[in-house]
Visitor: 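Before we start, here is the structure in question, set down as structure tokens.
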Protein chains: 2
Amino acid sequence: MKPDEIRRFREVMRQMQRNLGLLSKSDAACCGITVAQCHALLEVGRSGEITLFNLASVLGLDTSTLSRTIEGMVRIGLVERKVNPRDRRYLSITLTERGEQVYVDINRTFDQFYADIFAVIPEDKHAQIFESLHLLSTAMDSNIDPNCREELINEQPAK
Amino acid sequence: MKPDEIRRFREVMRQMQRNLGLLSKSDAACCGITVAQCHALLEVGRSGEITLFNLASVLGLDTSTLSRTIEGMVRIGLVERKVNPRDRRYLSITLTERGEQVYVDINRTFDQFYADIFAVIPEDKHAQIFESLHLLSTAMDSNIDPNCREELINEQPAK
DNA sequence: CTGATTAGTTGTATAATACAACTAATGTAT
DNA sequence: ATACATTAGTTGTATTATACAACTAATCAG
């Protein structure tokens with residue numbers, strides 16, 4: 001791996017990250033919900049039923065953040081939130097009928113997005129791309145750990 | 001591309017997007033700056049000199065957002081902001097010495113991150129991954145509303 | 001010269017987020 | 001079984017990131 005290859009690769013990843021952000025944003029906007037709600041919705045839909053704590057874990061967010069996101073979704077009628085009678089600490093979060101509708105809709109849009117993308121890529125590359133992303137994603141998962149060196153900047157006297 | 005393949009692919013992309021977000025965050029935190037500052041810093045460093053307007057275009061952000069981000073960076077001594085005497089509407093944004101230091105440092109960290117990732121991937125897959133990501137990124141670019149990109153950038157020496 | 005365009009700033013609003021302090025429920029150990 | 005610990009979730013508070021609209025100042029075009 002040569003340095004300039006890494007740089008080019010970083011550039012591609014950065015661009016892709018930006019594109020993925022735009023995708024979420026426009027998809028959510030299309031359905032009249034926020035990006036955070038969109039992500040939560042997809043996860044609740046996928047699980048069928050999930051606790052707030054688990055949802056926060058899956059999304060990598062604090063429970064306080066999720067609590068408020070879900071509050072908003074309850075208010076606009078996307079999900080239902082009820083206490084689990086077996087252990088009254090847990091919430092059971094599920095999609096309402098309307099939530100289900102939006103879920104299906106967003107899923108369709110995302111699927112279409114990727115279908116469109118692969119439509120403009122030669123078919124004989126598809127398997128390779130699939131494998132590559134899988135390798136990359138797996139490698140990343142095992143490499144993410146925030147070990148900091150806290151030296152560089154703290155507070156610079158404003159000139 | 002079969003529906004369930006697309007779903008799995010989406011899942012991988014989502015995970016990667018999350019990992020990339022974490023990466024930016026921990027890198028920025030390590031250097032005592034915010035994520036927005038980190039991205040701006042990388043872009044200013046890459047260009048050497050850039051106007052606020054062009055920087056906003058490259059990053060896909062509103063100039064008001066960038067104006068405040070740069071304000072913060074000036075305050076902590078990362079960049080310098082001076083009026084272009086040839087056209088006094090333009091700012092010329094450049095790295096300070098300290099900004100240069102942090103720029104080099106962040107670049108090193110990002111490079112290392114990707115080097116580490118590729119280190120755990122069989123070498124004979126590297127070229128394939130490069131090609132795949134390139135294909136994917138290009139396909140995405142042409143599928144995303146090409147609202148804010150290259151055509152707005154007129155005058156900067158690179159690197 | 002006047003009106004239009006352009007770069008940047010400021011006012012305001014909102015989304016997304018974390019951390020800390022809290023409540024309520026449940027588990028555990030003496 | 002009582003007291004302490006742990007867990008799920010909420011609320012208070014603060015910060016970051018962001019956009020849009022209204023504005024100023026500079027420059028361009030007719």
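Hydrogens, waters and symmetry mates are skipped; everything else that's a heavy atom, side chains included, is used. Order of the sequence lines fixes the chain letters, A, B, ..., with proteins taken first and strands second; residue numbering starts at 1 for each chain.
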Visitor: Provide, to the nearest angstrom, the distance between the OH atom belonging to Y90(A) and the C1' atom belonging to dA25(C).
Guide: 10 Å
Visitor: What is the distance from NZ of K25(B) to C1' of dA17(D), rounded to the nearest Å?
Guide: 12 Å
Visitor: For a quick check of understanding: with a heavy-atom distance under 4.0 Å over all strands, which category does L66(B) fall into, base, sugar-phosphate or nothing?
Guide: nothing
Visitor: Just checking, is any N or O donor in the side chain of E49(B) or T94(B) under 3.5 Å from an acceptor N or O on the other one?
Guide: no
Visitor: Tell me: CG of N54(B) to P of dT6(C), nearest whole Å?
Guide: 13 Å
Visitor: Mind checking if D62(B) touches a base, just sugar-phosphate, or nothing, with heavy atoms under 4.0 Å?
Guide: base
Visitor: Does a side-chain N or O from T65(A) land closer than 4.0 Å to OP1 or OP2 of dA18(C), or not?
Guide: yes
Visitor: dT10(D), OP1 or OP2 - any side-chain N/O from R81(A) closer than 4.0 Å?
Guide: yes
Visitor: Calculate the interatomic distance between L91(A) atom CG and dA8(D) atom P; express it in whole Å.
Guide: 11 Å
Visitor: Answer yes when R14(A) and E11(A) have at least one side-chain N-carboxylate O distance shorter than 4.0 Å, and no when they do not.
Guide: yes
Visitor: If hydrophobic clusters are built by linking Ile, Leu, Val, Met, Phe, Trp and Tyr wherever their side-chain heavy atoms come under 4.5 Å apart, do V79(A) and F53(A) end up in the same one?
Guide: no
Visitor: Whole Å only: how far is the CZ atom of R89(A) from the C1' atom of dT10(D)?
Guide: 15 Å
Visitor: Under 4.0 Å, heavy atoms only, any strand: does T69(A) hit a base, just the sugar-phosphate, or nothing?
Guide: nothing
Visitor: For T63(A) and dT10(D), is the shortest distance between a side-chain N/O and OP1 or OP2 below 4.0 Å?
Guide: no
Visitor: Rounded to whole Å, please give me the gap between CZ in R86(B) and P in dA7(C).
Guide: 17 Å
Visitor: Charged N to carboxylate O under 4.0 angstrom, E71(A) versus R68(A)?
Guide: no
Visitor: How do S64(A) and P85(A) order along DNA chain C: which one's closest nucleotide is nearer the 5' end?
Guide: S64(A)
Visitor: Can you measure I33(B) atom CD1 to dT15(D) atom P for me and round it to whole angstrom units?
Guide: 18 Å
Visitor: State which of dA18(C), dT5(C), dC20(D) makes the closest approach to the side chain of R68(B).
Guide: dC20(D)
Visitor: Grab the CZ-C1' distance between F53(A) and dT23(C) for me, whole Å please.
Guide: 17 Å
Visitor: Below the 4.0 Å mark, does dA26(D) have OP1 or OP2 next to a side-chain nitrogen or oxygen of R88(B)?
Guide: yes
Visitor: Could you tell me whether F118(B) and F130(B) have their ring centroids closer than 6.0 angstrom?
Guide: yes
